[in-house]
Amino acid sequence: MNDTTCSASPSLLTATPTAEPTSANWMGIVSLALGVFGLVTAEFLPASLLTAMAADLNISVGATGQAVTATAAVAALAALTIPLLTRNFDRRFVLLGLSLLLVVSNVLAATANSFFVLIFARVLLGIALGGFWSMAAALAMRMVPDNLFARAMSIVLTGVSVATVCAAPLGAYIGGLWGWRSAFIAASCLSLVTLVTQLFVIPAMPPKDNPSLRTLFQLLTRTQVRVVLLAVVLMISGHFAGFTYIRPLLEEVAQLSVSAISAVLLGFGIGGFFGNFAGAFIAERSERNAIMFGGALIIAITITLLFAGSLASVTAVSIALWGFAFGAFPIGFQTWIVRAAPDQVEAAGGLIVAAFQVAIASGAIGGGILVDYLGALGGPLLALITTSLGTLLVLSFGPRSQSPA
């Protein structure tokens with residue numbers, strides 16, 4: 001791998017070769033996956049506990065929902081600023097600090113006695129979430145040889161898939177047994193285990209990059225960086241335009257029962273779990289093909305839903321395949337951005353996390369507008385349009401082959 005030597009005026013265009021890891025630190029990679037699982041679990045918990053939290057804190061459900069909004073907004077800002085503010089610190093200590101923030105956030109949420117304490121807890125979570133995601137690829141890159149990077153990131157991203165499948169139902173189950181606070185106590189214990197594990201398995205990682213605001217703007221002058229960010233906005237917004245409003249589709253078009261909807265959503269999560277590994281297998285050979293594979297499959301799925309969404313069995317299979325297709329995106333985009341900016345991985349990671357947050361927000365807003373005007377099929381329609389544009393963009397301008405990172 002090539003790393004930029006730190007100086008008073010670091011250049012984005014030159015990098016000094018350093019020794020690539022000769023062996024993989026798989027325990028370190030697993031500890032990153034544990035961190036992802038804990039962060040995403042904490043992020044999703046309020047969705048399954050919203051009404052109980054609102055009643056206990058004596059606030060409206062809508063106000064309680066802002067706990068989720070606060071986390072997303074702060075995460076987008078943290079993804080851009082954490083690499084800049086911590087550029088002179090050992091990355092191991094930065095990671096441990098972010099994991100400690102996750103523990104504190106869960107403890108504060110579990111003991112919150114007012115709306116303001118809850119929001120403060122969620123702001124801390126947003127800092128940990130955005131900071132972690134901006135560093136994840138750079139940390140994985142320093143713990144495995146380059147040819148194993150895609151496989152390592154697939155393990156890290158497995159934490160997302162498992163949390164997507166487990167967080168909401170487990171949160172609802174634990175909250176139903178012992179109250180909503182018990183779910184956050186469980187999350188606190190999980191995050192503490194993650195912190196202790198990382199303490200023992202993450203090695204010292206002196207800072208290598210020297211990111212700044214100027215670095216971010218200079219990264220945007222690189223064609224491949226601009227292309228990958230635009231592809232993220234198009235394809236991820238398409239996914240969230242469709243999936244955010246999948247419940248109206250399942251209820252109104254496929255006319256599924258509540259229990260059947262739960263099973264279909266479980267199928268989506270399981271599909272994403274296996275899609276993550278399939279995406280890694282393809283991305284090890286070509287990140288461009290991994291993204292195009294996911295995009296082409298979502299295009300076929302949305303067309304199927306638009307024309308045959310009223311058939312319950314077709315819809316159920318399509319949603320599971322949608323999860324499988326989406327699982328290929330994160331590893332494809334992470335690999336692409338690392339190869340587009342190998343000398344400033346953390347700054348580039350911040351940009352792509354910010355692009356994901358913009359895509360999530362724009363997809364949810366755009367999908368909501370179409371659902372209001374066109375009905376439940378409006379979400380898949382927008383997903384078809386934006387995913388098609390994104391796939392064509394990747395086909396035309398995506399990396400043709402792996403560049404040495």
Side-chain angles (χ1 to χ4, degrees), residues 40 150-151 153-165 228 230-247 249-250 253-254 263-309 311 313-336 352 355-356 359-360 362-364 366-367 377 379-395 398:
V40 176
R151 191 176 307 174
M153 281 305 299
S154 75
I155 294 173
V156 174
L157 293 169
T158 299
V160 177
S161 301
V162 176
T164 302
V165 174
V228 67
L230 180 56
V232 165
V233 171
L234 287 171
M235 301 181 81
I236 301 303
S237 67
H239 165 74
F240 280 94
F243 190 71
T244 301
Y245 304 97
I246 203 68
R247 180 145 187 162
L249 174 71
L250 297 175
V253 180
V264 169
L265 294 178
L266 178 62
F268 174 89
I270 294 172
F273 179 84
F274 288 104
N276 179 42
F277 290 105
F281 177 80
I282 301 172
E284 282 185 349
R285 293 149 181 82
S286 168
E287 59 269 31
R288 173 174 172 266
N289 289 345
I291 297 167
M292 288 178 57
F293 164 77
L297 190 51
I298 288 179
I299 291 169
I301 290 165
T302 51
I303 292 174
T304 301
L305 290 173
L306 289 172
F307 288 96
L311 301 175
S313 58
V314 171
T315 298
V317 173
S318 296
I319 298 305
L321 288 175
W322 192 326
F324 182 80
F326 181 73
F329 283 157
I331 182 61
F333 284 125
Q334 287 277 9
T335 305
W336 187 358
I352 203 168
F356 262 84
I360 291 169
S362 59
L377 290 174
L381 176 61
L382 184 56
L384 172 61
I385 295 169
T386 59
T387 305
S388 297
L389 292 173
T391 303
L392 287 173
L393 177 70
V394 176
L395 175 64

Sole residue of L297, T304, I303, I299 in side-chain contact (heavy atoms from CB on, under 4.5 Å) with I301: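 Testing I301 for a side-chain contact (heavy atoms from CB on, under 4.5 Å) against L297, T304, I303, I299 leaves exactly one candidate, L297.
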Criterion side-chain contact (heavy atoms from CB on, under 4.5 Å) against L305, the qualifying member of L384, V253, I319, V314: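 When L384, V253, I319, V314 are each tested with L305, the side-chain contact (heavy atoms from CB on, under 4.5 Å) holds only for I319.
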For the residue pair [X] and [Y], what are the closest heavy atoms and their distance?
| X | Y | answer |
| --- | --- | --- |
| G332 | E287 | O-CB, 3.6 Å |
| A241 | A383 | CB-N, 4.4 Å |
| S154 | N276 | O-ND2, 2.6 Å |
| A231 | W336 | CB-CZ3, 4.3 Å |
| A150 | A280 | O-CB, 3.8 Å |
| P330 | L157 | CB-CD1, 3.6 Å |

Donor-acceptor pair, distance only, cut-off 3.5 Å: does the side chain of [X] make one with the backbone of [Y]?
| X | Y | result |
| --- | --- | --- |
| T315 | G309 | yes |
| R288 | L395 | yes |
| S286 | I282 | no |

Pairing residues for F356 by the ring pair (Phe, Tyr, Trp, His ring centres under 6.0 Å) criterion, not counting sequence neighbours: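 With neighbours one apart ignored, the set is empty.
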side-chain contact (heavy atoms from CB on, under 4.5 Å) evaluation trace for V156 with Q334: CA-CA 11 Å; V156 174; Q334 287 277 9; over 6 Å; no
[Y] and [X], any side-chain heavy atoms less than 4.5 Å apart:
| X | Y | value |
| --- | --- | --- |
| F277 | I331 | no |
| F329 | V232 | no |
| L249 | P380 | yes |

Nearest 0.5 Å, what's the [atom1]-[atom2] distance between [X] and [Y]?
| X | Y | atom1 | atom2 | result |
| --- | --- | --- | --- | --- |
| L377 | F307 | CG | CZ | 10.5 Å |
| F293 | I298 | CZ | CD1 | 10.0 Å |
| L392 | M292 | CG | CE | 8.5 Å |

F281 CZ: over 12 foreign heavy atoms closer than 6.0 Å: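 No - once you tally the heavy atoms of other residues, nucleotides and ligands closer than 6.0 Å, there are 12 at most.
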Without placing hydrogens or testing angles, list every side-chain donor-acceptor pair under 3.5 Å for residues 265-274, not counting sequence neighbours.
none

Aromatic plane relationship, H239 with F326 - under 30° parallel, 30 to 60° tilted, over 60° perpendicular: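 Ring orientation of F326 relative to H239: parallel.
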